[in-house]
Amino acid sequence: MSTATAVRTRLGDLDERRLLLLATFVPLVAFFTVVWAVPIVYALGMSLFAEPTTAPSFVGLANYLDVLTAAEFPLFLWNSVLYAVSTTVFSLLIGLALALVVNQQIRGGSVLRTMMIFPYLLPTLVVIFIWQFLFDPNIGVINQWLVSYGVVESPVAFFSTSRWAMFAVAVTSVWKFGSFAFFILLARLQAIDPNLYERARVEGASTWQAFRDITLPHLRGAILIILLVRGIWMFNKFDIIYLATGGGPLNVTTTLPIRVYELAFNEVNFGGATALAGIMFFLLAAVAVVYFRAFEPEKEVAH
Amino acid sequence: MARPIHFDTVRKEYRTAGTTHVAVDGLSLSIPEGSFTTLVGPSGCGKTTTLRMIAGLETPTDGQIAFGEEEVTDQSPQDRNCAMVFQSIALYPHMSVRDNIGYGLKVQGVPKADRDDRIDEAAETLQITEQLEKMPAELSGGQQQRVAPGSAFVQDPDVLLLDEPMSDLDAKLKSELRVEVQRLHQELDATVVYVTHDQTEAMTMSDQVILLNEGRLAQFAPPGELFDAPVSKYVAEFIGTPSTNMLSATVERTDEGLALVGDGFEVTAPSDRFRDRVGESVVLGIRPQYLSTDGGRYGLVVTAEVVEQLGTEFVVHGHGPDGTPIDAVSSAFGDVDPGDRLAVGFDAEDLFVFGDDGRTICHGDALAADARSQPR
């Protein structure tokens with residue numbers, strides 16, 4: 001085929017359908033370029049300069065080196081991983097347990113289901129107030145129980161004790177975000193053919209065997225997606241931690257996003273802040289790649 | 001090892017928000033060991049509930065169920081050696097066909113090598129060897145239906161329960177699987193209970209038929225007896241296609257004794273059975289197959305409305321002089337057109353006589369015996 005005919009065919013294909021496709025596609029590309037690609041590239045660009053906002057001077061990867069070699073970087077990274085993993089795993093487990101309970105035809109199941117949406121709907125600040133109140137060393141009901149049952153001798157200031165601050169923040173987060181896993185898993189559970197369980201019972205399977213061989217395989221895809229998106233969200237979570245403890249006491253709840261905020265707005269080091277944000281981005285990307293290779297969640301979704 | 005199944009006044013109610021629905025009511029019968037018994041009846045008559053009570057998936061509200069000497073009323077399904085084929089097929093979607101068939105053995109702790117031997121053997125019988133490594137989603141509906149009995153087959157159950165396993169298959173596949181299921185029954189040492197709403201399936205496959213009517217036992221008998229000696233009008237109407245014709249008549253005293261007098265016929269009635277019923281109205285049942293154009297002692301005029309060809313036979317759907325719907329089946333109706341009036345005849349020995357309450361008063365043989373004994 002000559003070049004001339006090839007060009008003609010290409011122009012000839014530019015019919016209404018293709019025009020419509022272009023007309024719908026181009027705005028989308030433009031939108032994502034403006035609100036995603038440009039800020040990301042701009043931020044990554046900033047990370048290569050010292051004082052990028054006032055008197056920019058190119059320093060290459062020096063900002064990255066500074067951030068990575070900072071004495072406290074391992075602690076912040078550990079805090080981030082600890083927070084993200086613990087809140088993701090526990091919100092998954094608690095969401096799963098509650099979904100299994102509600103999925104049984106129990107009395108009050110629908111009330112429980114409706115109530116489960118409230119933590120997710122409540123503003124983060126309100127959730128923090130609730131838990132600070134519950135954990136309060138003077139008037140909090142949890143401390144009263146702990147003291148009256150003899151678990152501790154004197155009340156514990158959970159949010160401001162270095163030993164318990166991360167625990168308190170994690171509990172608050174799990175309480176708020178557990179319903180996310182709950183609703184996804186409940187929807188999946190309700191889609192399972194009840195005859196499968198009846199067949200398993202007639203074939204002699206115990207409740208545990210039926211759970212392992214029917215329920216879990218059906219939930220696998222949903223669990224993998226929850227782990228992925230909840231894990232990423234919790235790794236990047238800023239508001240609930242910062243509003244509850246501000247990263248303290250003594251940096252025990254300072255995760256990487258909080259450190260980014262401190263660098264940018266307390267120390268006015270935008271180069272360092274963007275460099276650290278870049279490092280977070282690359283860490284998550286690496287984890288996501290390994291995750292997709294290992295579990296192939298897209299296969300599950302296709303089912 | 002096959003075991004008989006005994007029902008003793010079994011009752012099952014469902015309570016929802018104040019209303020009580022009785023699904024099965026006072027069911028007492030014994031299914032012989034090793035038999036092929038069919039539970040049949042219209043939708044909502046309690047046949048699936050009965051089957052699920054045998055499996056242990058439902059617990060009776062009242063009464064007892066026993067397998068042989070062993071009472072199983074409150075036993076969990078896991079403790080009964082039953083196998084069940086569900087209407088929805090219920091293959092585990094994330095397991096291969098092999099794992100699906102072998103799942104029961106796996107949870108019972110049968111070693112893998114032993115399991116595979118039994119699966120291969122079952123697959124050969126069911127002709128699904130090529131499908132063993134596939135996933136259920138890769139199979140067509142008919143293939144899935146073939147796989148479903150496989151797990152029942154390898155488990156060597158005492159009781160095999162089938163819940164309308166062929167309800168959504170085409171006629172050809174149905175007749176193939178019908179043979180398959182019967183072969184399964186011959187090879188397994190199990191009591192088979194089969195649920196269907198299709199009375200043709202019930203009549204062709206089973207040793208015993210349990211016909212239910214709104215949760216109550218209508219009749220429990222071998223298929224032939226159900227056909228020839230129905231105990232009630234309900235049984236006569238449900239069993240047999242087309243449905244049994246019902247002609248109304250009254251018991252009257254005539255010069256020659258008692259007679260059942262209807263529109264256009266007068267059937268001599270034995271006085272011992274009808275002496276106390278003079279003046280009562282009764283219903284005469286006559287199967288469409290027993291209405292013939294040649295012969296028959298009693299006559300009836302039928303106006304044809306629709307003529308259907310069923311292979312070599314023709315079914316005439318019509319009505320009698322008083323408008324009662326009447327069907328007739330014969331190979332001689334080939335040239336009947338809608339609107340034609342045909343004279344058909346029947347004999348007393350083919351009649352069923354039902355009382356006002358729907359119960360059978362007597363079958364044709366009693367009428368015929370009496371007719372013969374009387375001087376003419």
Side-chain angles (χ1 to χ4, degrees), chain A residues 96 99-100 102-114 184-227 294-303, chain B residues 16 48 51-59 72 75-96 99-110 115 135-138 147-165:
Chain A
L96 176 61
L100 288 171
V102 172
N103 194 42
Q104 304 299 315
Q105 305 294 326
I106 57 158
R107 199 171 295 222
S110 59
V111 176
L112 191 57
R113 192 175 61 218
T114 314
I184 293 180
L185 293 174
L186 183 62
R188 273 293 176 102
L189 284 175
Q190 287 174 343
I192 301 175
D193 178 4
N195 278 340
L196 294 181
Y197 292 105
E198 296 191 332
R199 185 185 150 196
R201 282 172 69 200
V202 174
E203 290 188 334
S206 63
T207 308
W208 158 246
Q209 284 168 327
F211 176 76
R212 184 192 64 196
D213 297 328
I214 300 171
T215 313
L216 273 188
H218 272 93
L219 295 182
R220 186 173 180 267
I223 289 173
L224 290 179
I225 287 299
I226 292 167
L227 285 180
F295 296 114
E296 303 183 339
E298 71 276 13
K299 267 193 185 168
E300 296 285 333
V301 177
H303 266 263
Chain B
T16 41
T48 295
L51 193 78
R52 290 169 59 85
M53 286 194 290
I54 300 175
L57 294 170
E58 304 280 355
T59 311
V72 296
Q75 254 181 27
S76 71
Q78 286 94 334
D79 298 335
R80 313 178 180 198
N81 190 12
C82 285
M84 185 160 172
V85 179
F86 288 85
Q87 187 174 6
S88 70
I89 308 175
L91 295 175
Y92 307 120
H94 49 272
M95 291 185 200
S96 68
D99 292 344
N100 255 290
I101 294 178
Y103 185 69
L105 298 179
K106 189 181 157 196
V107 295
Q108 286 155 25
V110 177
R115 225 152 69 202
M135 299 301 280
E138 297 173 68
V147 170
S151 52
F153 196 83
V154 295
Q155 280 181 80
D156 194 18
D158 296 343
V159 174
L160 173 59
L161 307 167
L162 300 111
D163 187 5
E164 306 207 26

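Please read all numbers here as calculations on a predicted model, not as lab measurements. Hydrogens, waters and symmetry mates play no part in the numbers below; they use all other heavy atoms, side chains included. By convention in this document, chain letters (A, B, ...) are assigned in the order of the sequence lines, proteins followed by strands, and residues within each chain are numbered from 1.
- Residue contact with chain B, scored on non-hydrogen atoms closer than 4.5 Å, involves the side chain of A:Asp193 exclusively.
- A donor-acceptor pair is defined here as one N or O able to donate and one able to accept, closer than 3.5 Å; no such pair exists between the side chain of A:Gln190 and the backbone of A:Ala187.
- Using a 4.5 Å cut-off between heavy atoms, B:Leu91 touches chain A through backbone and side chain atoms alike.
- Remark: of the listed residues B:Leu160, B:Leu51, B:Leu162, B:Leu51 is the sole one forming a side-chain contact (heavy atoms from CB on, under 4.5 Å) with B:Met84.
- In this structure, the portion of B:Phe86 lying under 4.5 Å from any heavy atom of chain A is its side chain and not its backbone.
- A side-chain N or O of B:Asn100 and one of A:Arg199 form a donor-acceptor pair less than 3.5 Å apart.
- In terms of heavy-atom pairs under 4.5 angstrom with chain A, the leader among B:Ala55, B:Gly56, B:Ser76, B:Ser151 is B:Ser151.
- Using a 4.5 Å cut-off between heavy atoms, B:Asp163 makes no contact with chain A at all.
- Here the closest non-hydrogen pair linking B:Arg80 and B:Ile54 is NH1-O, 2.7 Å.
- Judged by distance alone, the side chains of A:Asp213 and B:Tyr92 never bring a donor and an acceptor atom under 3.5 Å apart.
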